[in-house]
4 protein chains.
Amino acid sequence: MKRIGILTSGGDAPGMNAAIRAVTKTAIHHGLEVMGIRYGFAGLVAGDFVPLTAEDVDHTINQGGTFLYSARYPEFAQENVQKKGAEQLRKHGIDAVIVIGGDGSYHGALALTRLGINSVGLPGTIDNDIPYTEYTIGYDSACRTAMDAIDKIRDTASSHHRVFIVNVMGRECGDIAMRVGVASGADAIVVPERDYDIKKIAKTLKQGFADGKDHGLVVLAEGVMSADDFRKELLKYGDFDARANVLGHMQRGGSPTVADRVNATKMGNYAVNLLLDGKGGLAVGMENGKLNTHDILDLFDGKHEGDYSLLDVNEEMTKD
Amino acid sequence: MKRIGILTSGGDAPGMNAAIRAVTKTAIHHGLEVMGIRYGFAGLVAGDFVPLTAEDVDHTINQGGTFLYSARYPEFAQENVQKKGAEQLRKHGIDAVIVIGGDGSYHGALALTRLGINSVGLPGTIDNDIPYTEYTIGYDSACRTAMDAIDKIRDTASSHHRVFIVNVMGRECGDIAMRVGVASGADAIVVPERDYDIKKIAKTLKQGFADGKDHGLVVLAEGVMSADDFRKELLKYGDFDARANVLGHMQRGGSPTVADRVNATKMGNYAVNLLLDGKGGLAVGMENGKLNTHDILDLFDGKHEGDYSLLDVNEEMTKD
Amino acid sequence: MKRIGILTSGGDAPGMNAAIRAVTKTAIHHGLEVMGIRYGFAGLVAGDFVPLTAEDVDHTINQGGTFLYSARYPEFAQENVQKKGAEQLRKHGIDAVIVIGGDGSYHGALALTRLGINSVGLPGTIDNDIPYTEYTIGYDSACRTAMDAIDKIRDTASSHHRVFIVNVMGRECGDIAMRVGVASGADAIVVPERDYDIKKIAKTLKQGFADGKDHGLVVLAEGVMSADDFRKELLKYGDFDARANVLGHMQRGGSPTVADRVNATKMGNYAVNLLLDGKGGLAVGMENGKLNTHDILDLFDGKHEGDYSLLDVNEEMTKD
Amino acid sequence: MKRIGILTSGGDAPGMNAAIRAVTKTAIHHGLEVMGIRYGFAGLVAGDFVPLTAEDVDHTINQGGTFLYSARYPEFAQENVQKKGAEQLRKHGIDAVIVIGGDGSYHGALALTRLGINSVGLPGTIDNDIPYTEYTIGYDSACRTAMDAIDKIRDTASSHHRVFIVNVMGRECGDIAMRVGVASGADAIVVPERDYDIKKIAKTLKQGFADGKDHGLVVLAEGVMSADDFRKELLKYGDFDARANVLGHMQRGGSPTVADRVNATKMGNYAVNLLLDGKGGLAVGMENGKLNTHDILDLFDGKHEGDYSLLDVNEEMTKD
């Protein structure tokens, strides 16, 4: 193995650049060359490759987004397109590829491996929704951004004795909502994976005001419903002043946190070592705080398990 | 004068607590007693007063919101309610009042002055929309929060070569949009006070991508229209990928910036000195970087003038 | 069990307030009363107790420091003083105590347990130096603060092509240095637990400049030596411009991170449940990402094991 | 005029990149070409020039430091070296130059103007120590960074009832100390321009603790003395627990604040317009909140006047 490629795919996430940096510097340490593949699998097929030196990645560890860019490219599900991609890699002397991204990216990595180009996937998505890993690159930063915003919203909620319903990201996965909810001291956390009892939530909020609390907070995964719809529903059972807020796209960006930089670095470093060992078709993850690998195939059947104890802990801190 | 009151009114703004602190500590320095009036004019009429010591305000300078709380209270427009308020103040030995808030607050301060309780108004609102002042307490912090969010949004915009339309606060006043737009490097800034040419904006964005720019940004005061409506309109003239984002209530909260803390402190200190000089019915502001006062009456006819040169500067940095 | 006490001891750490909040709210959920014990073991002996309601802790989750205060109190090593403390607790009807703090705090918790007051210790220190736990409350926030400062220092280092030697906290434990070093992209990380080769570090830095890197960075645990002494030593082997910087006390403060708030909440909640189960003399920790307990006695013989793989990963990203 | 050059000189400051961006984009708007001159006057003489396009500066507005780098170059005081610089500019068709930096930079700008290359200086230094301007690029960001650090230090000071003496930057100019001191709620602010009474400061701090304040804070410009020396002196008059802290180089870096980005943009835009009007030998500044110009010659005799009213306001908030 002389030259490896690296690409980012799917939605961007803080820490992707830290992972690219770790891959690049580790590979160079081991005498390999590194090619950055721009615009994900679209760029792979188009041959949009740029050589990366250690100096090219010197100022990337603290930058959000992905400097290699990302792009949607559903065409890569087609076998003939995959073959074209593998051809491009061979033409440029690229022996192996590291893919950073979400669910979709793993399909691409597996396809390349089957076509003889060993490929390893790193979990890069703020949603933390990938099977067999308790952590994805970007998750901690997204939680940080959401929590910081809610800290600000709490100021205005308290000044006016209001309830805020805040939509955080997470379509089918409540991990951001759960962690941000606990970190923000939410009165209630609502996620797609669990039922919720809106009457009980209203009761908790009313009880809070009755006991002298000066605000209320519901953290709501956007996959459940919009904050505004929730607010309307909630106001059927309580007569407090309630506002809806959607945090939106800023959750995807920003300088990565310590955890995202450190974990992305460890994962990037680890992925290069897997390739050096001749491995491919693997997904890197983290279980029980340690790096692990799984066959990518396993991921397609697997289901991400969030830390639902957070919901129990949060409920065990309400009165009743 | 032995005892002064202080209240916050209207929407909360970062720096209100710093102003309360400065009023309290300055008054105590001069041998006065200070009563905090909770929940704005509503609490004034209800007699919801709490004595404030220097130690009570020791940890407030860095806190967003207002620890005296605020509340809507349109009833204070009625003369008999105003009289009830003045009575409450006299009953509690409060000789003068400092009111921190937006437009509406000044009416209350004037009414109290006319009823014999000298009152001074401080401009406290993130919107920067008060006549005869170039600065209101909270404006700088709101701009900071919006800019920080847009810095994060730019990461994801660039990673995916997208245009973002971002709604910032400002109903009839574009000051937040103008300053945040310039600070964020926006391709276009849209405010209520000026016409805009959506075709030209689309052309600028298209030109940017054509020349190698990896993202586009429009900062839009929410008083003009929703980001989503703007987006739909804009896409009639350009085929780029565009997303709408509303920053929302977090712009009201958060630890105040240096400027907001320093200016709020100067204004609070100044207001006490005005009362010590036997003055009332005055609004404190800042013109040409210096503290000033105007008769509150003047404000009702006045019109806030923003720094529209920011729009010209921003246009003078586009190509064409 | 009807009433529990809670105190913070040793150096303050971000997240202590989140733990106090979790203890308070969980205890109230289970029908217990909670007494805050101010100034650590000194206040325990002096009987400086304040009742805590759920509302008292409503605005604490995002505050650094400890609102119960902390204090040095070596006198608590004496048996007669411990007995006086146990007496005070009994007098106030306090059946069990939760202690948040570092090494020293555990001795106190064990002493109380032996005197019949079940006590549980939570690891609260930024240093992450406690045996049988991979995480202590405040560690993540301290790393965040140090990393944010170094991100700023890197700006000026790069502008002037300088090397910075930055002292981070950590007397006998290099955990902050290791994690911050990796997260900051340090050229070298120097910790008390491992030898270092200053000639090799100088060579790496020189090589960086020769290859076009515009700055150099060494993250140095303060327990090894002062940044200034290291700088003098380093300059014997390299002719670059090098500056020393000590980050200092700010590493102890600030609003806690997501991880510190969430973990402190889980630990506080867990500690109450241990007491409800009639347990005492236990230290709560985290191993393999999961909450655990150990007999406090074990901790006295134990040794904290840091994640030294971080040093290996960082070295595997240098050239050579 | 067809082509202008831009360079940064002296210590780097947040907002320099925003100024470079504004110069570049404004110049291109007016049909000019822009050459970035790297490493300040050293690079000017060496001919280290890089063309700048609008796209080159797209991601710079939020970056601290200066991407054109800066360097000490005392040799530019010599006339023959200045002539060599002017020659280089002519050789590369550069008709005019904008210099961003501190005091020293203005000498260079004047020298170039006298040699026939119109040059304009922008005030770029965190110290705010330039005559005829109330604001320098980077000053607000440095204050922000210092204030944020002190907010954290206050957490730990309060938890342990300590006094902190904090050294902020400022050798002969107390502007950072004054503004940060007020914004941090300091008990005392010590600057080079004014005498201080250490006994009175000790008395204020003691009084604070006696009245129930849980911490003390002195903000000290580093030009007066080291925090540690001040601490030793202070402890002669008070028996509180006091610690010294030096904030250090991080004050120079970090993403610029709203004010620094906006002002740097306005100044950069303005400077290009001055050159378009055929002017040179001018220093841009801000007085009474408005952009102004002065002959550079005037600056050499002038003296910066800080807002010393901040000291009076701060004293008027102490008891006595």
Side-chain angles (χ1 to χ4, degrees), chain B residues 18 21-22 24-26 28-30 53-55 57-62 134 140 143-144 146-148 151 154 158 179-180 182-185 208 211-215 255-262 265-266 269-270 272-273 286-290 309-310 312-320, chain D residues 18 21-22 24-26 28-30 53-55 57-62 134 140 143-144 146-148 151 154 158 179-180 182-185 208 211-215 255-262 265-266 269-270 272-273 286-290 309-310 312-320:
Chain B
R21 174 183 176 274
T24 302
K25 294 187 85 133
T26 303
I28 288 170
H29 177 92
H30 287 290
T53 68
E55 288 68 42
V57 295
D58 261 356
H59 283 273
T60 62
I61 198 168
N62 59 331
E134 62 207 20
D140 192 55
C143 290
R144 178 261 335 252
M147 181 187 81
D148 283 353
D151 278 355
R154 192 190 301 110
S158 298
R179 204 153 166 258
V180 169
V182 170
S184 304
D211 292 348
K213 206 176 175 202
D214 59 15
H215 69 286
S255 182
T257 60
V258 177
D260 278 336
R261 294 191 199 182
V262 169
T265 298
K266 288 171 89 165
N269 170 273
Y270 186 49
V272 174
N273 280 295
M286 189 173 283
E287 283 171 315
N288 302 322
K290 305 272 179 287
S309 78
L310 289 170
D312 302 326
V313 165
N314 216 55
E315 290 225 349
E316 205 184 335
M317 295 194 302
T318 57
K319 295 179 183 175
D320 67 354
Chain D
R21 174 184 175 274
T24 303
K25 294 188 84 132
T26 303
I28 288 170
H29 176 93
H30 287 289
T53 69
E55 288 67 42
V57 295
D58 261 356
H59 283 272
T60 61
I61 198 168
N62 59 331
E134 62 207 20
D140 193 54
C143 290
R144 178 263 333 254
M147 181 187 80
D148 283 353
D151 277 355
R154 192 190 301 110
S158 298
R179 205 154 165 257
V180 169
V182 169
S184 304
D211 292 348
K213 205 176 176 201
D214 60 14
H215 69 286
S255 182
T257 60
V258 177
D260 277 336
R261 295 191 199 181
V262 169
T265 299
K266 288 171 88 164
N269 171 273
Y270 186 48
V272 174
N273 279 295
M286 188 173 283
E287 282 171 314
N288 302 323
K290 306 272 179 285
S309 78
L310 289 169
D312 302 327
V313 165
N314 215 55
E315 290 225 349
E316 205 185 335
M317 294 194 302
T318 57
K319 294 179 183 174
D320 70 350

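Throughout, a chain's letter reflects where its sequence line sits, starting with A, and its residues are numbered from 1. Keep in mind the model is a prediction, meaning the values are calculated, not measured.
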Checklist outcome for this item: So, the part of D:Lys290 with a heavy atom under 4.5 Å from chain B: the answer is side chain
Checklist entry - Checking heavy atoms, do the side chain of D:Thr60, its backbone, both or neither come under 4.5 Å from chain B? => result neither
Checklist entry - With a 3.5 Å cut-off and no angle check, do the side chains of B:Asp58 and D:His215 form a donor-acceptor pair? => result no
Checklist entry - Checking D:Thr257 against chain B: side chain, backbone, both or neither under 4.5 Å from a heavy atom? => result backbone
Checklist entry - When heavy-atom pairs shorter than 4.5 Å are enumerated against chain D, which of B:Asp211, B:Val57, B:Thr53, B:Leu310 gives the highest number? => result B:Asp211
Next on the checklist: Quick check for you: among B:Asn269, B:Asn273, B:Val182, which has the greatest number of heavy-atom pairs under 4.5 Å with chain D?
Outcome noted: B:Asn269
Checklist entry - If you count heavy-atom pairs under 4.5 Å between each of B:Met286, B:Arg179, B:Arg261, B:Arg154 and chain D, which one has the most? => result B:Arg261
Checklist entry - Side-chain contact, heavy-atom cut-off 4.5 Å: D:Val262 with B:Met147? => result no
Checklist entry - Out of B:Gly185, B:Ala18, B:Cys143, B:Gly289, which one racks up the most heavy-atom pairs below 4.5 Å with chain D? => result B:Gly185
Next on the checklist: Between B:Ser158 and chain D, with a heavy-atom cut-off of 4.5 Å, which part of the residue counts as in contact: side chain, backbone, both or neither?
Outcome noted: side chain
Next on the checklist: Can you tell me which portion of D:Ser255 sits under 4.5 Å from chain B's heavy atoms? Options are side chain, backbone, both or neither.
Outcome noted: side chain
Item to check | Contacts of type side-chain hydrogen bond (donor to acceptor under 3.5 Å, both in side chains), residue D:Glu55, not counting sequence neighbours | outcome: B:Lys319
Checklist entry - Going from OG1 on D:Thr318 to CD1 on B:Ile28, what distance comes out if it is rounded to the nearest 0.5 angstrom? => result 11.5 Å
Checklist outcome for this item: All heavy atoms of D:Ala183 vs all of B:Ile61, minimum pair found to be O-CD1, 3.6 Å
Next on the checklist: If I take atom CD from residue B:Glu287 and atom CG from residue D:Asn288, how far apart are they, to the nearest 0.5 angstrom?
Outcome noted: 11.5 Å
Item to check | Part of D:Ala146 within contact of chain B (heavy atom distance under 4.5 Å) | outcome: neither
Checklist entry - Between D:Arg21, D:Lys25, D:Glu316, D:His30, which residue shows the highest count of heavy-atom pairs closer than 4.5 Å to chain B? => result D:Glu316
Item to check | Worked verdict on D:His29 versus B:Glu315 for side-chain hydrogen bond (donor to acceptor under 3.5 Å, both in side chains) | outcome: CA-CA 9 Å; D:His29 176 93; B:Glu315 290 225 349; over 6 Å; no
Item to check | Atom pair CG/NZ of B:Asp312 and D:Lys266 - distance to nearest 0.5 Å | outcome: 10.5 Å
Next on the checklist: How long is the straight-line distance from CE of D:Met317 back to OG1 of B:Thr24, given to the nearest 0.5 Å?
Outcome noted: 10.5 Å
